[in-house]
Peer 1: 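Encoded as structure tokens, here's the structure I'll be asking about.
The chains referred to below are lettered A, B, ... by the order of the sequence lines, with proteins before strands, and numbering in each begins at 1. Excluded from the calculations below are hydrogen atoms, water molecules and symmetry mates; all remaining heavy atoms, backbone and side chain alike, are included.
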Number of protein chains: 2
Amino acid sequence: MTTTGPRPPTPTLEQVAALAGVSRATVSRVINDSPRVSPEARDAVHAAVEALRYVPNRMARSLVTRRTDTIALVLSESNTQIFADPFFARIVRGLSARLADTEQNLVLLAARGRREQEKVARYVRQGHVDGVILISLHRDDLLPDLLARSPVPLVLSGRPFDGRPVPYVDADNVGGARAATSHLLRLGRSRIGTVSGPLDMVVGLDRLTGYRAALAAAGAPASPELVAEGDFTEAGGSRAMTRLLGDVPDLDAVFVASDPMAVGALRVLRAAGRRVPEDVAVVGFDDAEVAATCDPPLTTVAQPLDEMTGGLVDLLLEQIGSGGSAAAGSRVCGTALVRRASA
Amino acid sequence: MTTTGPRPPTPTLEQVAALAGVSRATVSRVINDSPRVSPEARDAVHAAVEALRYVPNRMARSLVTRRTDTIALVLSESNTQIFADPFFARIVRGLSARLADTEQNLVLLAARGRREQEKVARYVRQGHVDGVILISLHRDDLLPDLLARSPVPLVLSGRPFDGRPVPYVDADNVGGARAATSHLLRLGRSRIGTVSGPLDMVVGLDRLTGYRAALAAAGAPASPELVAEGDFTEAGGSRAMTRLLGDVPDLDAVFVASDPMAVGALRVLRAAGRRVPEDVAVVGFDDAEVAATCDPPLTTVAQPLDEMTGGLVDLLLEQIGSGGSAAAGSRVCGTALVRRASA
DNA sequence: ACGAGGTGTGAGAGCGTTCTCACCACGCCC
DNA sequence: GGGCGTGGTGAGAACGCTCTCACACCTCGT
């Protein structure tokens, strides 16, 4: 039965102190378990806390400690479909696991469109959080700037677009894409296309750069018709693959810049009667769950996700701990080719 | 160039007041734009705010106003894949759009596993947020109870499992499923199966109940082999459909309890050489984006998502506004069958 | 000309914590 | 037996804001 009277007044430290027969200071000491408290006092306080169902008021505490024990994961993306990307879900999971036995809480802020971005920036600047992990993908995003300007510690997930001196953590996308493409070359393939990510994203560009670098190093520079731009979704991968197959009938391999897109590409290849990997070899990127379960299982480039989320948290906590005086570095994590059946 | 010295001290109301040549109280009035301020004072304050790049400290403000202007969307789900569900993304989008021109900020809290649930509950009880919208799907979830016990206003997205008196907003899942199944009956189908949702979720049960009710009303109660349990994912839909097709070779229609699952089911049907809708008619649920673009376009049950997110926000703000004294009701929103090619 | 009513302003008391001191009682060593 | 650390405690000042008052000033109506 829920009583629907006015909300009961939440008890304060003062009241706990009165009930326990000690001073406010002592209660505070018990709450923050400082060593210098006698066992009797401690017990009395615990009993009083229990009796009153006392919960400390975070606002009051934060006001004096200047910490909120909260860090924000900000997702700046007009396109809501990023939620659907398994990669994003894995980041969230990794971060909250990493913070699980910390004092820190993790909150997600989604900002689509200018108004929401400004709202998020305001939220951050007003001191709701101790630090921000920002996922910002598109070139024209203004949130990185807004947040970098604020005094709140900031770490970027993914290399920033311009050479802005903000610490970040990223996978070696160029290296991974190069390795994937080299692998295809090593298999003896010669007509190697790519389904790239969106080219207004650093990650899209980097993976394309790696692909090109590998081809150039082999003395077989990529021609434009071998490149089809996708959007990191399965449907986009299908579209791009269709385009590619139309333009390059003798295609014998393709590097697809994300696993969801690769799944879409596989579907198109199958529908077109091409066998994978016999006729067309396929390499994906991300080592998403689906890569192991699709047909055929996908050779792909794995990112060390735990290392990356760990890096994000470390870099951020380091800044927070140092009171903003530490110039945190950045971290680029190596990738690994995972061989399965598709190439 | 970012200076990496110690963080600059953030200016306070006091300093703004000094610079503007007025009192703290007047600055406060300007900040909260109260009417009773002379234009000169207002201008002076604005200039000072600008000059010092003053940003009010929310902790201090919240301490006295006892409001945080933040509401939390709590997602209690051990399975991270819910992020991938387009339905969830649409809820987030709807809510933040609804709150866009409010003072309220929206934060997402994800709780997988007991520890994180307790962390979230603590976060809420400590007064970080003014209210909570909770998405909790599974029967054994303890977060609804934890949060209902706290004095923070709460609204559930989706009917709660037991008859707990917590306000909620839900679609009429039973009605929608009944309508979908009736539609299949009206098409003259007689061997109508269903791919249900997980049966430890209210939404899964309700849609199964609706399906059964329609068949019972037609005098053709469902037999057990006509029901295959899915998990709301595309892959799960495929699996369930495969099972169904194996057990019931003469199946001529299927009600699939979510669109992603229906997409998976369509794929299996096609692979099995059944034409849709000629051999097997298919109806989905949710009217997800993919329903319109898949092949064939999916007949499905649409939920009034804007109405639902609006209801969530309204119910919550109502409670918040009344200081917890209002016993908010609940809201069940009607669904609509959207006819496309698949049935 | 004088009080009534409104309008702009500032002083100051909180809000619920933490944290620095100062204090008191010990037991200890020389 | 008188300083001297030392462990436990409480008084009280912050923290940065809001909000209630009281006060000064300015019209008006009479």
Side-chain angles (χ1 to χ4, degrees), chain A residues 7-46 48-49 52-70 103 122 125-128 130 151 323, chain B residues 7-46 48-49 52-70 103 122 125-128 130 151 323:
Chain A
R7 214 170 294 160
T10 52
T12 75
L13 255 200
E14 193 76 50
Q15 299 171 35
V16 176
L19 183 56
V22 297
S23 76
R24 233 178 28 244
T26 298
V27 178
S28 179
R29 276 186 272 261
V30 173
I31 300 291
N32 302 295
D33 44 40
S34 114
R36 303 275 143 88
V37 181
S38 69
E40 307 84 57
R42 191 179 302 278
D43 291 350
V45 169
H46 278 143
V49 164
L52 297 176
R53 316 192 91 256
Y54 169 74
V55 178
N57 178 324
R58 282 310 289 258
M59 299 305 143
R61 180 201 292 242
S62 293
L63 182 55
V64 32
T65 60
R66 320 186 85 60
R67 288 178 304 108
T68 61
D69 291 342
T70 302
E103 288 288 274
R122 211 181 317 141
R125 265 187 322 210
Q126 286 176 334
H128 275 110
D130 290 345
Chain B
R7 212 170 295 159
T10 51
T12 75
L13 254 200
E14 193 77 49
Q15 300 171 36
V16 175
L19 183 58
V22 297
S23 75
R24 233 177 29 245
T26 299
V27 178
S28 179
R29 275 187 273 259
V30 173
I31 299 292
N32 301 295
D33 44 40
S34 113
R36 300 277 140 87
V37 181
S38 69
E40 306 84 57
R42 190 178 304 276
D43 292 349
V45 169
H46 278 142
V49 164
L52 297 176
R53 314 190 94 256
Y54 170 74
V55 179
N57 177 324
R58 281 312 288 259
M59 299 306 144
R61 183 202 289 243
S62 292
L63 182 55
V64 31
T65 59
R66 322 190 81 64
R67 288 179 303 109
T68 61
D69 291 341
T70 302
E103 288 287 276
R122 211 179 319 139
R125 265 189 321 210
Q126 286 176 333
H128 279 280
D130 291 345

Peer 1: So does B:S28 get a side-chain nitrogen or oxygen closer than 4.0 Å to the phosphate oxygens (OP1/OP2) of D:dT18?
Peer 2: yes
Peer 1: Hey, what do you get for NE2 (B:H128) to CE (A:M59), rounding to the nearest 0.5 Å?
Peer 2: 5.5 Å
Peer 1: Taking C-beta and beyond as the side chain, do B:R61 and B:N32 meet within less than 4.5 Å on heavy atoms?
Peer 2: yes
Peer 1: Do the non-hydrogen side-chain atoms of A:N57 and A:T10 ever get within less than 4.5 Å of each other?
Peer 2: no
Peer 1: Of the nucleotides D:dT9, D:dC17, C:dT18, which one has an atom closest to the side chain of B:A60?
Peer 2: D:dC17
Peer 1: Atom CG of B:N57 to atom C1' of D:dG16: distance rounded to whole Å?
Peer 2: 6 Å
Peer 1: Is it the case that D:dG12 (base atoms only) and A:R24 (side chain only) share a donor and an acceptor within less than 3.5 Å, ignoring hydrogens and angles?
Peer 2: yes
Peer 1: D:dG16 P sits how many Å from A:Q126 CD, rounded?
Peer 2: 15 Å
Peer 1: Please check if the side chain of A:S28 supplies one atom and the backbone of A:R24 the other of a donor-acceptor pair under 3.5 Å.
Peer 2: no
Peer 1: To the nearest angstrom, how far is A:R36 atom CZ from C:dC21 atom P?
Peer 2: 16 Å
Peer 1: Nearest-Å distance, CZ (A:R67) to C1' (C:dT18)?
Peer 2: 11 Å
Peer 1: The side chain of B:T65 lies closest to which of these nucleotides: D:dC19, D:dC17, C:dT17?
Peer 2: D:dC19
Peer 1: Within the structure shown, what part of the strands sits under 4.0 Å from A:R66 by heavy-atom distance: base, sugar-phosphate, or nothing?
Peer 2: sugar-phosphate
Peer 1: Starting at the 5' end of DNA chain D and moving along, which residue's nearest nucleotide shows up first, B:Y54 or A:E40?
Peer 2: A:E40
Peer 1: For B:L13 and D:dC15, give me the distance from atom CG to atom P, rounded to whole Å.
Peer 2: 13 Å
Peer 1: With the side chain of A:V22 defined as its heavy atoms from C-beta on, choose the nearest nucleotide among C:dT17, D:dG10, D:dT18.
Peer 2: D:dG10
Peer 1: Any donor-acceptor pair under 3.5 Å joining the side chain of B:R58 to the base of D:dG16?
Peer 2: no
Peer 1: Does B:E14 reach the side chain of B:V27, with side-chain heavy atoms less than 4.5 Å apart?
Peer 2: no
Peer 1: Please state whether the phosphate of C:dT9, meaning OP1 or OP2, lies under 4.0 angstrom from any side-chain nitrogen or oxygen of B:S23.
Peer 2: no
Peer 1: Establish, with yes or no, whether the OP1 or OP2 oxygen of C:dG10 is under 4.0 angstrom from a side-chain nitrogen or oxygen of B:T26.
Peer 2: yes
Peer 1: Starting at CE of A:M59 and ending at C1' of D:dC17, how long is that distance when rounded to a whole Å?
Peer 2: 14 Å
Peer 1: For A:E14 and C:dT18, give me the distance from atom CD to atom P, rounded to whole Å.
Peer 2: 13 Å
Peer 1: Can you tell which of C:dC15, D:dT9, C:dT9 lies closest to the side chain of B:V64?
Peer 2: C:dC15
Peer 1: Rounded to the nearest 0.5 Å, what separates atom NE2 in A:H46 from atom CD1 in A:I31?
Peer 2: 7.0 Å
Peer 1: Round to the nearest Å and state the distance from B:R42 atom CZ to C:dG8 atom P.
Peer 2: 9 Å
Peer 1: Starting at the 5' end of DNA chain C and moving along, which residue's nearest nucleotide shows up first, B:S38 or A:L63?
Peer 2: B:S38
Peer 1: Below 4.0 angstrom from OP1 or OP2 of D:dT18, is there any side-chain N or O of B:N32?
Peer 2: yes
